[in-house]
Structures are given as structure tokens and as C-alpha cells.
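One-based numbering, in listed order, for ligands and for the atoms of each.
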Amino acid sequence: MAADRSRARGFAVRVIFLGPPGAGKGTQAARLAAHLGVPKISTGEMLRSAIAKDTPLGRKASPLMGKGRLVPDDLLLALIGERTAEQDCRDGFVFDGFPRTLPQAQGLERMPGGEAAGFVVFDFQVPKAELMRRLSGRRWCPKCQATYHVTNDPPKQEGICDVCGSRLEQRDDDTEAVIERRLREYNQRTLPLIDYYRGRARLVPIDGDRAPDTVFQDLLSAVEVRA
Ligand code: AP5
Ligand code: MG
């Protein structure tokens, strides 16, 4: 049904989520992609899955991600180039965590359908204290990558994934020291993308420090305005 919805729209919807760790990018990207009937493309999830499968990409990414550092641009561009060429991306997609540097944004421009003018770019803003609270309470399913929060969004049965029944864990990079490093990387290397997209794409600031349903309504109205 969701795929029917994306086909009926008659144009591709392409979305970028910018925001610091814990801003709610993954939570909202999953909802928006399901609503629009297009795939969610999460580079963090793709890299974690490569690590779990011990692929060459996973072996390169693992030590960097464990320290909260970004993975090299050429690896990300190759990953995204391949993924967006797949058939299910024809009617659009929601990026979660890509692009994250200027070279990634410029590389995206050179891909078919990657021109900035075709994107809605959401800029999530959340105060640091709230980011820390969210990340310290986040739980994650290593099998299907569903995300929960111990108080804000708990699973039905404590410690067990609602979707696949696996035992939930904390992400390796959700420790205070690594979160600090991820925030630094965001401020230094990703924040400049806000200026880059101003005037090139439709840039929409989002107050991410509100209830998930309220945030989602803002995303929907922004995407529908574009239609
Ligand atoms: P990635 O997995 O993308 O991590 P991140 O950007 O640090 O973001 P998070 O996943 O931590 O947060 P989120 O914004 O998705 O928040 P969530 O929705 O889970 O990347 C991991 C690593 O991979 C990077 O550090 C890097 O090494 C590498 N990488 C990935 N992409 C790369 C790229 N393009 N280039 C180079 N390297 C790359 O929400 C957080 C918690 O808050 C959850 O528990 C949730 O339930 C809760 N929550 C969500 N919304 C709300 C709300 N509105 N109110 C209250 N609680 C909420
Ligand atoms: Mg995420």
C-alpha cells in the first residue's frame, strides 16, 4: 500500500535529515519513509550491519565508529551510489545520516537524481542536555536495528525487541566520551552543510525537542507543501 502511495504521487520525494546524534533522525526517518512508501537509507545502520557481517567495509569502519569519528567520504559515496541505483529508490528515499560532510554533499550532486534542488533538507535542533538524556537511555536491537528508549519509547517486554524478539543492547558508541566526540564531529564537519543547502535545496529547520508525534506532523506538512 505504501508503494502504491509513492507511485500515485507521480514525483520522487528525496529527503535529507541533518541533526546531531540523538536528535531523532532515525526515529523520524523510519516513520516518514514508511508513510511516503519509499526506502529509508541509514548509513549508520548500513555500516553497523557491515561490521556485524565482518565485511571489508565493516573492518574499515569499526575502529572509527567505535571512537565516534566519521568514516571516509569515498567509502560513503560508493555505498550511497550503489544503494540509490537500486530499483526501489526510483520514487525517492529518505536519507538518515547522509550526507555528513561537504565532500559527501558535493559527491551526491554528481549522482543521477542527486541535485540539491530536488531535496527537502530537515535541520533538527535539540539542546545538548536532551541529546545526552536520549542517548544514555537508548536501546537498540542488534538483529533488526529497531530503536527504543527506556522511558520515552520502551519495548512491550523489558529488554526484548518488539519486532524480532531479540535481546536489546546499548550501542557501543553511546558512551559519554564517544558521544562527545560524535558531537564534535557534527559541529565541525556536518553543521557547515546547513549553509551549503541554504538557497540550494529546501531547508526546513525543525525543533526536535518536542514529542515525536508533534515533530512528525511538521515533517509531513513540509513534505506535503512541496507537493
Ligand atoms: P548514526 O547511526 O547515523 O548515528 P548518529 O548520527 O550519531 O545519530 P544517532 O543514531 O545516534 O541518533 P538519531 O538522531 O538517529 O536519534 P534516534 O532517532 O535514534 O552514525 C553512527 C556512526 O556511523 C557515525 O558516528 C559515523 O562514525 C558513521 N557514519 C554514519 N553515517 C556516516 C556518514 N555519512 N559519513 C561518515 N560516517 C558516517 O533517537 C535517539 C533516542 O531518543 C532514541 O532512544 C529515541 O527513542 C529517542 N527519541 C527520538 N525522538 C525523540 C523525541 N522527540 N523525544 C524524546 N525521545 C526521542
Ligand atoms: Mg540514528
Next on the checklist: Can you tell me which portion of Glu45 lies within the under-4.0 Å heavy-atom range of ligand 1? Options are side chain, backbone, both, or neither.
Outcome noted: neither
Next on the checklist: Residue-level breakdown please: for Thr147 versus ligand 1, do any non-hydrogen atoms fall below 4.0 Å on the side chain, on the backbone, on both, or on neither?
Outcome noted: side chain
Checklist entry - Any side-chain heavy-atom pair from Arg181 and Glu185 closer than 4.5 angstrom? => result yes
Checklist entry - Should you measure from each heavy atom of Arg69, which atoms of ligand 1 turn up under 4.0 Å away? => result 26 (C), 27 (O)
Checklist entry - ligand 1 versus Val71, non-hydrogen atoms closer than 4.0 Å: side chain, backbone, both, neither? => result both
Checklist outcome for this item: Under 4.0 Å between heavy atoms, the region of Met65 that gets near ligand 1 turns out to be both
Checklist entry - Arg182 to ligand 1: N or O pair under 3.5 Å? => result yes
Next on the checklist: List ligand 1 atoms under 4.0 Å from Leu135, heavy atoms only on the residue side.
Outcome noted: 11 (O)
Next on the checklist: Check this for me - ligand 1, Pro21, N or O atoms closer than 3.5 angstrom, yes or no?
Outcome noted: no
Item to check | Short N-O contact, Arg138 and Asp153, less than 4.0 angstrom | outcome: no
Item to check | Distance filter under 4.0 Å to Arg48 heavy atoms, resulting ligand 1 atoms | outcome: 2 (O), 21 (C)
Checklist outcome for this item: Counting from 1 in the order shown, the ligand 1 atoms closer than 4.0 Å to a non-hydrogen atom of Gly26 are 13 (P), 15 (O), 18 (O)
Checklist entry - Does an N or O from Ala23, backbone or side chain, lie closer than 3.5 Å to an N or O of ligand 1? => result yes
Checklist entry - What do you reckon, does Glu130 have a nitrogen or oxygen under 3.5 Å from a nitrogen or oxygen of ligand 1? => result no
Item to check | Atom indices of ligand 1 within 4.0 angstrom of Thr43 heavy atoms, with elements | outcome: 30 (C), 31 (N), 32 (C), 34 (N)
Checklist outcome for this item: Atoms of ligand 1 under 4.0 Å from any heavy atom of Gln104, numbered from 1 in the order shown, are 33 (C), 34 (N), 35 (N), 36 (C)
Checklist entry - Hey, quick one: are Tyr186 and Leu203 part of the same hydrophobic cluster, counting side-chain heavy atoms closer than 4.5 Å, chains of contacts allowed? => result yes
Checklist outcome for this item: Logged contact type for Leu47 with ligand 1, heavy-atom cut-off 4.0 Å, is side chain
Checklist entry - With a 4.0 Å heavy-atom cut-off (strictly under), which part of Leu76 contacts ligand 1: side chain, backbone, both or neither? => result side chain
Next on the checklist: I want to know if ligand 1 touches Arg138 in the polar sense, i.e. an N/O pair below 3.5 angstrom.
Outcome noted: yes
Item to check | Between Phe17 and Phe124, ring centroids under 6.0 Å | outcome: yes
Checklist entry - To the nearest 0.5 Å, what is the distance between CE (Met46) and OG (Ser42)? => result 8.5 Å
Next on the checklist: Can you confirm, on distance only, whether ligand 1 has an N/O atom lying under 3.5 Å from any N/O atom belonging to Lys25?
Outcome noted: yes
Item to check | Nearest-0.5 Å distance, NZ of residue Lys143 to CZ of residue Arg167 | outcome: 14.0 Å
Checklist entry - Any idea which atoms of ligand 1 are less than 4.0 Å away from a heavy-atom of Tyr148? => result 43 (C), 44 (O), 46 (O)
Checklist outcome for this item: Pro212 heavy atoms within 4.0 Å reach ligand 1 at atoms 52 (C), 53 (N), 54 (N)
Checklist entry - Apart from Val178 itself, what residues make up its hydrophobic cluster, given side-chain heavy atom links below 4.5 Å? => result none
Item to check | Short N or O distance, Gly24 and ligand 1, threshold 3.5 Å exclusive | outcome: yes
Checklist entry - So which protein heavy atom does atom 12 (O) of ligand 1 come closest to, and at what separation? => result Gly22 N, 2.9 Å
Checklist entry - Are Glu185 and ligand 1 in contact, using a heavy-atom cut-off of under 4.0 Å? => result no
